[in-house]
Amino acid sequence: MTVIGASRPSVWATTSTRIKALAPTQPDLVDAGFLVGMLVLGLVGFRTTFDSPLYLAAGILGILIGVGLSHVANVLRQPIIVIAGLVIAAYFLVGGFVGVRERMVGGVVPTPQSLSGLSAVAVGGWKDLLTTLPPVDGAGQLVVLPYLLGLLGGTVGFTLARRTRLPWSAVVTPLVVSSIVIL
């Protein structure tokens with residue numbers, strides 16, 4: 001007597017195997033650590049622009065989310081377009097919590113007003129940041145800009161570090177982020 005389906009692994013074994021595959025390897029951790037450190041150093045340049053260190057917390061949150069999204073997409077071998085979609089989703093889902101909490105339902109659920117506010121900050125916030133005399137309110141909606149910069153820097157930098165064979169390709173992203181902060 002044979003049991004039908006006995007040779008199949010259980011759902012839990014498959015899920016466990018998938019979760020183990022997402023665990024970062026030592027090269028992943030080294031690249032992520034280097035990238036996070038360099039991007040944080042770049043974002044520290046905003047210290048004279050904002051009146052509180054909340055900008056740095058928002059930027060670090062963006063970096064960590066970007067590196068995490070990039071790692072998961074790399075392990076699952078997703079194309080760049082999927083990574084771009086994940087970044088856009090992360091910007092609008094978490095960005096509302098970072099900078100436009102008052103426009104969200106309960107400070108968590110995005111509303112059309114929070115989505116339009118985030119869109120406006122992503123497009124025109126850079127001009128506002130350049131034309132406002134420092135220090136800028138660290139709890140205002142312009143704190144979304146360091147979050148966006150960190151999110152893009154973390155995603156692009158880690159994707160370049162793990163998908164290309166050029167050893168210096170990962171240095172380009174922190175240099176670009178530092179240049180943007182200086183400007």
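For the numbers below, each heavy atom of this structure counts, side chains included, while hydrogens, waters and symmetry mates do not.
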Trainee: Check side-chain hydrogen bond (donor to acceptor under 3.5 Å, both in side chains) between Thr159 and all other residues, then give those that pass, not counting sequence neighbours.
Mentor: Ser70
Trainee: List the residues meeting side-chain contact (heavy atoms from CB on, under 4.5 Å) with Leu86, not counting sequence neighbours, and say none if there are none.
Mentor: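 Per chain and number, Leu86 pairs via side-chain contact (heavy atoms from CB on, under 4.5 Å) with Leu69, Val82.
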Trainee: With rounding to the nearest 0.5 Å, note down the distance linking CG in Leu22 to NE2 in His71.
Mentor: 6.0 Å
Trainee: Looking at every heavy atom in both Gly95 and Val144, which two are closest together, and how far apart are they?
Mentor: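 Here Gly95 and Val144 meet closest at O-CG2, 3.9 Å.
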Trainee: Of all the heavy-atom pairs spanning Asp51 and Pro135, show the shortest one and how long it is.
Mentor: CB-CB, 3.6 Å
Trainee: Looking at every heavy atom in both Ser178 and Gly42, which two are closest together, and how far apart are they?
Mentor: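 Heavy atoms of Ser178 and Gly42 come nearest at OG-CA, 3.5 Å.
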Trainee: Identify, with sequence neighbours excluded, every residue that meets side-chain hydrogen bond (donor to acceptor under 3.5 Å, both in side chains) alongside Arg47.
Mentor: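 None.
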Trainee: To the nearest 0.5 Å, how far apart are CG in Leu145 and CG in Leu43?
Mentor: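 Leu145 atom CG to Leu43 atom CG measures 11.5 Å (nearest 0.5 Å).
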Trainee: The criterion is side-chain contact (heavy atoms from CB on, under 4.5 Å); which residues satisfy it with Leu160, sequence neighbours excluded?
Mentor: Val156, Thr164, Ser169, Thr173
Trainee: Are the side chains of Phe46 and Leu149 in touch, meaning some heavy atoms are under 4.5 Å apart?
Mentor: yes
Trainee: Applying ring pair (Phe, Tyr, Trp, His ring centres under 6.0 Å), name anything that partners Tyr91, two or more places apart in sequence or on another chain.
Mentor: none
Trainee: Could you tell me the separation between the OH atom of Tyr147 and the CD1 atom of Ile65, rounded to the nearest 0.5 Å?
Mentor: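 Separation between the atoms: 4.0 Å.
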Trainee: With Ala89, which residues qualify under side-chain contact (heavy atoms from CB on, under 4.5 Å), at least two apart?
Mentor: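 Partners of Ala89 by the side-chain contact (heavy atoms from CB on, under 4.5 Å) criterion come out as none, since no residue qualifies.
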Trainee: Using the test side-chain contact (heavy atoms from CB on, under 4.5 Å), find all partners of Val172 that sit at least two apart in sequence or belong to another chain.
Mentor: Val176
Trainee: Kindly compute the distance separating CG (Leu61) from CG (Leu54), expressed to the nearest 0.5 Å.
Mentor: 12.0 Å
Trainee: Are there over 12 heavy-atom neighbours, none belonging to Ile81, within less than 6.0 Å of that residue's CD1?
Mentor: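 At most 12 heavy atoms, drawn from other residues, nucleotides or ligands, come within 6.0 Å of this atom.
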Trainee: Return the set of residues passing side-chain hydrogen bond (donor to acceptor under 3.5 Å, both in side chains) with Gln78 (not counting sequence neighbours), or none when no residue passes.
Mentor: none
Trainee: What class does the angle between the rings of Phe50 and Tyr55 fall in, given that below 30° is parallel, 30 to 60° is tilted and above 60° is perpendicular?
Mentor: parallel
Trainee: Between Val67 and Gly154, what is the shortest heavy-atom contact and its length?
Mentor: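 Of all heavy-atom pairs spanning Val67 and Gly154, the closest is CG2-O, 3.8 Å.
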Trainee: To the nearest 0.5 angstrom, please state how far the CG atom of Leu142 sits from the OG1 atom of Thr49.
Mentor: 10.5 Å
Trainee: Under the side-chain hydrogen bond (donor to acceptor under 3.5 Å, both in side chains) rule, collect the residues that match up with Ser179, sequence neighbours excluded.
Mentor: none
Trainee: Using distance only, find each side-chain donor-acceptor pair of residues 24-38 under 3.5 Å and give its atom names and separation, not counting sequence neighbours.
Mentor:
from	atom 1	to	atom 2	distance (Å)
Thr25	OG1	Asp28	N	3.4
Thr25	OG1	Asp28	OD2	3.2
Asp28	OD1	Arg162	NE	2.7
Asp28	OD1	Arg162	NH2	3.3
Asp28	OD2	Thr25	N	3.2
Asp31	OD2	Arg162	NH1	2.6

Trainee: How many angstroms lie between atom CG of Leu152 and atom CD1 of Ile63, to the nearest 0.5 angstrom?
Mentor: 11.0 Å
